[in-house]
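Naming: A, B, ... by sequence-line order, numbering from 1 per chain.
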There are 2 protein chains.
Amino acid sequence: MSYTIKKVSEMTGLSVPTLRYYDREGLLPDLQRKESGYRVFSEQDLYAIELIECFKQAGMKIKEMKQFMSMVKQGDSTLKERLAFFQNHVKQLEEKVSSLQNALEHSKRTLEYYEIAAEAGSEALAHEIYQSLVK
Amino acid sequence: MSYTIKKVSEMTGLSVPTLRYYDREGLLPDLQRKESGYRVFSEQDLYAIELIECFKQAGMKIKEMKQFMSMVKQGDSTLKERLAFFQNHVKQLEEKVSSLQNALEHSKRTLEYYEIAAEAGSEALAHEIYQSLVK
DNA sequence: TATAACCCTAAAGTAATCTTTAGAGTCAAC
DNA sequence: GTTGACTCTAAAGATTACTTTAGGGTTATA
């Protein structure tokens with residue numbers, strides 16, 4: 001199955017110019033073209049886009065993704081490098097998840113504080129209530 | 001206890017220009033100055049910086065943070081608004097954590113794949129192995 | 001075969017978050 | 001009271017990830 005850039009845009013939620021931009025940046029290692037120059041997206045390209053989104057969420061820069069995609073292009077000879085890259089990526093992601101969970105816990109406590117404060121109508125009062133809860 | 005901008009920079013890991021930038025953007029609602037114009041950071045300001053970092057991790061824009069900080073400045077009258085703001089913030093964070101966890105799961109599976117592929121020295125072979133594991 | 005809806009490129013523009021630079025004042029310690 | 005390390009501002013610059021624009025070809029369909 002193959003898709004036009006517009007279809008892929010609709011399927012992925014990425015804009016057409018963004019898809020072109022990713023292609024230009026070398027993030028779609030095997031993207032084919034028609035004779036006219038039109039891009040022809042395959043399932044493989046959709047998978048690459050999924051990976052890009054995954055990398056993006058982890059906070060990875062386009063340049064790093066490009067580096068990875070260029071290794072993909074080079075084939076089996078880069079498998080060990082790609083393994084190392086992914087090990088690092090997973091590590092980064094794990095750290096990010098855990099620091100985000102911390103931020104969430106912190107935010108939840110602050111939310112509780114604001115629930116009390118909004119109810120009391122006063123921060124000063126909320127502080128007192130908080131103190132008494134702890135003591 | 002009060003701190004110079006350099007000390008705060010060392011304590012928080014944020015650069016001195018970044019701290020000045022945050023101040024300029026209105027993210028430090030109660031930052032005091034000496035007569036000379038030098039910034040004087042208090043524990044409260046450190047707490048604000050902690051909050052900024054927390055917001056930043058959630059992907060919040062400076063402008064939104066500024067909006068929140070300006071509510072803080074206005075005092076008790078904005079408590080309900082701030083509560084609503086925080087409810088939304090926690091929701092955003094929860095969504096972010098869960099989508100990041102998905103990305104992590106996806107990445108871990110891909111990592112396993114690369115472990116097999118790197119070991120086998122061939123992606124084609126790894127695909128076969130994968131197939132046989134599933135069937 | 002006309003036409004509307006698509007596709008292309010190159011280049012400029014935008015928004016966000018900082019960083020750097022230049023020029024000048026402040027402060028603490030010897 | 002001098003000096004070296006610090007502080008300030010304003011403005012320009014850098015980087016990243018796109019988006020927009022301009023000008024022009026392609027394709028499906030009525």
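- In this structure, CZ of Arg39(A) is placed 17 Å from P of dC6(C), rounded to the nearest angstrom.
- At distances below 3.5 Å, at least one donor-acceptor pair connects side-chain atoms of Gln74(B) with backbone N or O atoms of Ser70(B).
- Contact annotation: Thr4(A) does not reach the phosphate of dC6(C) (side-chain N/O to OP1 or OP2, under 4.0 Å).
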So which protein N/O to nucleotides 17-19 of chain C N/O distances come out below 3.5 Å?
| from | atom 1 | to | atom 2 | distance (Å) |
| --- | --- | --- | --- | --- |
| dT17(C) | OP1 | Ile62(B) | N | 3.3 |
| dT17(C) | OP2 | Ile62(B) | N | 3.4 |
| dC18(C) | OP2 | Tyr22(B) | OH | 2.9 |
| dT19(C) | OP2 | Ser15(B) | OG | 2.7 |
| dT19(C) | OP2 | Thr18(B) | OG1 | 2.3 |

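- Residue pairs that meet the salt bridge (charged side-chain N to carboxylate O under 4.0 Å, His left out) test with at least one member in residues 51-62 of chain B, sequence neighbours left out, are Glu53(B)-Lys56(B).
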**Q.** nucleotides 22-30 of chain D: protein proximity per nucleotide (B base, S sugar-phosphate only, - neither; heavy atom, under 4.0 Å)
**A.** ---BBS---
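- Rounded to whole angstrom, the span from the NZ atom of Lys6(B) across to the P atom of dG4(D) amounts to 16 Å.
- Spacing between atom CG of Leu19(A) and atom P of dT19(D) amounts to 10 Å, rounded to whole angstrom units.
- For the pair Arg33(A) CZ and dC8(C) C1', the interatomic distance rounds to 8 Å; values are reported in whole Å.
- Sorted by first and then second residue, the side chain to side chain donor-acceptor pair (under 3.5 Å) pairs involving residues 26-36 of chain B (not counting sequence neighbours) are Asp23(B)-Arg33(B).
- When the C1' atom of dA10(C) is taken as reference, atom CD of Glu25(A) falls 14 Å away, rounded to whole Å.
- Remark: Lys73(B) engages no residue in a side chain to side chain donor-acceptor pair (under 3.5 Å) (not counting sequence neighbours).
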Would you be so kind as to tabulate the donor-acceptor pairs closer than 3.5 Å made by side chains of residues 84-105 of chain A, with sequence neighbours excluded?
| from | atom 1 | to | atom 2 | distance (Å) |
| --- | --- | --- | --- | --- |
| His89(A) | NE2 | Ser107(B) | OG | 2.9 |
| Ser99(A) | OG | Gln57(B) | NE2 | 2.6 |

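- When the salt bridge (Lys or Arg N to Asp or Glu O under 4.0 Å) test is applied to Glu64(A), no partner is found at least two apart in sequence or on another chain.
- Checking side-chain atoms of Thr78(A) against main-chain N and O of Glu81(A) turns up no donor-acceptor pair under 3.5 Å.
- For Tyr3(A) and dC6(C), the OH to P distance is 18 Å, given to the nearest whole Å.
- Within the structure, ring pair (Phe, Tyr, Trp, His ring centres under 6.0 Å) pairs that include any residue of residues 18-50 of chain B do not occur (at least two apart or interchain).
- Atom C1' of nucleotide dA5(D) and atom CD of Glu10(B) are separated by 12 Å, given to the nearest angstrom.
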Less than 3.5 Å apart, which donor and acceptor atoms pair up between the side chains of residues 111-118 of chain A and the rest of the protein, not counting sequence neighbours?
| from | atom 1 | to | atom 2 | distance (Å) |
| --- | --- | --- | --- | --- |
| Tyr113(A) | OH | Glu123(A) | OE1 | 2.7 |
| Tyr113(A) | OH | His127(A) | NE2 | 3.4 |
| Tyr114(A) | OH | Arg82(B) | NH1 | 3.2 |

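- Contacts of Arg20(B) with the nucleic acid, taken as non-hydrogen atoms under 4.0 Å apart, include base atoms.
- Atom pair Ile5(B):CD1 and dT9(D):C1' shows a separation of 12 Å (rounding to whole Å applied).
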